[in-house]
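Since this is a predicted model, take the numbers as computed values, not measurements. Letters A, B, ... are given to chains in the order of the sequence lines, protein chains preceding strands, and every chain is numbered from 1. Note: hydrogens, waters and symmetry copies are ignored here, and every other heavy atom, side chains too, is used.
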Protein chains: 2
Amino acid sequence: MAATMADVARVARVSKKTVSNYFNGYRYMTADTRSRIEAAIVELNYKLNLSARSLSSGRTGTIALAIPEIAHPYFAELAEAVVSAAQRRGMSVVVEVTAGQHDQELSVLRGTRGRSVDGLIAHPIALGASDIDSATVDIPVVLVGDRVHSGPFDFVTVANEQGAYDMTRFLFEHGRRRIVALGMEESPVPTAAAQRFDGFRRAHHDAGVEMVPELLVGPIPWNRLSGAEAIARAIDAGLEFDAVFGLNDAIALGAMAELQRQGLTIPGDIAVAGFDDVEEAALAFPPLTTVDSGREWIAETAVNRLVELIEVGASEEVPTVTVASHSVKYRASV
Amino acid sequence: MAATMADVARVARVSKKTVSNYFNGYRYMTADTRSRIEAAIVELNYKLNLSARSLSSGRTGTIALAIPEIAHPYFAELAEAVVSAAQRRGMSVVVEVTAGQHDQELSVLRGTRGRSVDGLIAHPIALGASDIDSATVDIPVVLVGDRVHSGPFDFVTVANEQGAYDMTRFLFEHGRRRIVALGMEESPVPTAAAQRFDGFRRAHHDAGVEMVPELLVGPIPWNRLSGAEAIARAIDAGLEFDAVFGLNDAIALGAMAELQRQGLTIPGDIAVAGFDDVEEAALAFPPLTTVDSGREWIAETAVNRLVELIEVGASEEVPTVTVASHSVKYRASV
DNA sequence: GTGAAAGCGCTAACAA
DNA sequence: TTGTTAGCGCTTTCAC
């Protein structure tokens, strides 16, 4: 039988409440009391029963992170950042995988799934604005990711448009003029792809560079293989270009590999740029110039905001939308 | 104020116990009772309070997964597999990141860290056998990974030696004779690298092929960049070889990229093989031949075993060691 | 098949 | 600064 707080209290010759105070960082306690308690804890190998604490305090000390998958570089790195930010604030993280399925994302936002947690950070990719309005979770929620939803929740988002704008301008500054946009997508819904493409377009406009329709390739799946195949088709079609902007790093890395396979040099013949700054970007050959979309900052901000909401009780706070700061990571591929 | 079970009972005109039965899948219940309970649950938007359930049942329905990092393809994929295996068994997963730090891994095994969970799956990389003996967790534990420890815990492990053996034989069968072993390590401790190298050596012996010392490269860090640099050095040194066996996929992928950059064709000039079968292996150019080390199976087995231990109470069960089945994934790089 | 009562181990008022 | 007293909401006997 595991020791309880009452046992500790008895051994330390204090009351349960005093032991409880000890665990909750109550400051006013004589050194003698404190050390008696500590000795008792060691003697009994006592561990707080967190279920009991949760029941009685209404807090679990755990937050949920709902993402489409873990085994994708971007989400894996996001999850890592969230877990470590949470760890720093003394919280644990339960990871829920939604597989990017509409119904699973919805059930997360309706609270019909998963454990009881104090708050939720979710990165939906299949939900529309109306879905989000229909959410019925009764805990604080911070949404994270690419798409800007209206809705009752806080949102921490990537600077998709501005990031793509900056990168495009950057390529112009390096003398490139005919840039293939790989993964481009025009859509009424502000998907990440659409927003990034908007930035690409605006940069052309501002720089007075004509945007060549043939160079706009997409939509394609956001993975390495698609990037390689798409650029291969572009070459086969006889397109002329001096740069490739993959709308995420996976696409860019795939394209870069294929260009090299075909004997082109990078950045000699073609400059290549990506978006996200996944860890692999810096390890590629050559290292990939990309947009650091602020993953770490997003994770940190989302966790901090969530903890705030949990502490104030999420009451009548007005939902905030925060856009992560971003920056161009200049590496040898440009 | 959230509804409680007593509210549901009142509205459904049954006792609390009956509602509890409903949630615990108790089978004997009239259809009428059941539907009254269901109506009450909907009416009150009732949700089970899991903290209370945990306190009273002694189960949390959550297991912890302790891994060195999330943002590494192998661990990300392992985590994904564990989460989905656990989900299938109705369990949630709290992910703890140990950063491969000795003290953090130790504190996980001492139970001085993290939430209260029903069981623990840990993949230690910095612990020695004596550390493991000194563990004091009072919940069931299943260890997972590369190194075979003795110790009081169940272990689910990768077939490092046999996998490397099979892959080496496979390369021989494809006519290769001078194979660079990239990431080789000889060590008294049975690290993954050392075990894989053992298999490499045994395959040479059994096939009667001489193992050329110059072709044994390592130890090197197990990432892409090291793989590329190491193979570049081998080429600079004028080594002659017809195949490269990266002791994990990252090394192999880095080497493959570098070989191609230097104008060699794969598998025409050089065959390349890896170990782990991370998702990216199949998407590389050319797709990478590798050893499927049974990650999914390991995750599934570890979760199943853990759930078993939780259910029987971990009592005096003898710890078991299970070696995952593995297979050579034949792809275009050989 | 269903009900009543007794805790699980902790926190939170409030008192001392 | 420390102690007392009630619960938190559920599961679990055991009786009906």
The residue, B:A52 or A:V19, whose nearest nucleotide of DNA chain C is more 5′ is B:A52
Length of the CZ-C1' vector between A:R59 and D:dC8, whole Å:
15 Å
Per A:N21 side chain, nearest of listed nucleotides C:dC10, C:dG1, D:dT2
D:dT2
Between C:dT11, D:dT12, C:dC8, which one does the side chain of B:K17 approach most closely?
D:dT12
With the side chain defined as heavy atoms from C-beta on, A:L55 is closest, among C:dT11, C:dG9, D:dC10, to C:dG9
On DNA chain C, more 5' by nearest nucleotide between B:T18 and A:K16 is B:T18
When you compare the side chains of A:S54 and A:S51, does any donor N or O come within less than 3.5 Å of an acceptor on the partner?
no
Side chain of A:S56, heavy atoms from C-beta onward: which of C:dG9, C:dG7, D:dG3 has the nearest atom to it?
C:dG9
Grab the CZ-P distance between B:F23 and D:dT11 for me, whole Å please.
9 Å
Are B:T60 and B:R53 linked by a side-chain donor-acceptor pair shorter than 3.5 Å?
no
In whole Å, what is the span from the CG atom of A:N24 to the C1' atom of C:dG9?
13 Å
Within the structure, does a side-chain N or O atom of B:S51 lie under 4.0 Å from either OP1 or OP2 of D:dG9?
no
For a quick check under 3.5 Å, do B:H326 and B:D292 share a side-chain donor-acceptor pair by atom type?
no
Any A:S15 side-chain N or O less than 4.0 Å from OP1/OP2 of D:dT5:
no
Does a side-chain N or O of A:S20 approach OP1 or OP2 of C:dT11 to a distance below 4.0 Å, or not?
yes
Which nucleotide wins on minimum distance to the side chain of A:N49, given the candidates C:dT11, C:dG9, D:dT12?
C:dG9
Starting at CG of B:L48 and ending at P of D:dC8, how long is that distance when rounded to a whole Å?
17 Å
OP1 or OP2 of D:dT1 less than 4.0 angstrom from a side-chain nitrogen or oxygen of A:T33, does that happen here?
no
Which nucleotide sits closest to the side chain of B:M5: C:dC10, D:dC10, C:dA4?
D:dC10
Closest nucleotide among D:dG7, D:dG3, D:dC10 to the B:R53 side chain
D:dC10
Calculate, to the nearest 0.5 Å, the distance between atoms NE2 and CG belonging to B:H123 and B:L78 respectively.
7.5 Å
Using 0.5 Å steps for rounding, measure from the CG atom of B:N21 to the CZ atom of B:R34.
10.0 Å
For D:dC10, take OP1 and OP2 only and decide whether either is under 4.0 Å from a side-chain N or O of B:Y46.
yes
Could you measure the distance from the CG atom of A:L120 to the CZ atom of A:F153? Nearest 0.5 Å is fine.
8.0 Å
Taking 4.0 Å as the cut-off, does a side-chain nitrogen or oxygen of B:T4 come that near to OP1 or OP2 on D:dG9?
no
Rounded to whole angstroms, how far apart are CZ on B:R36 and C1' on C:dG1?
12 Å
B:Y22 OH to C:dG3 P: how many Å, rounded?
17 Å
Of C:dC10, D:dT1, D:dT12, the nucleotide closest to the side chain of B:S57 is D:dT12
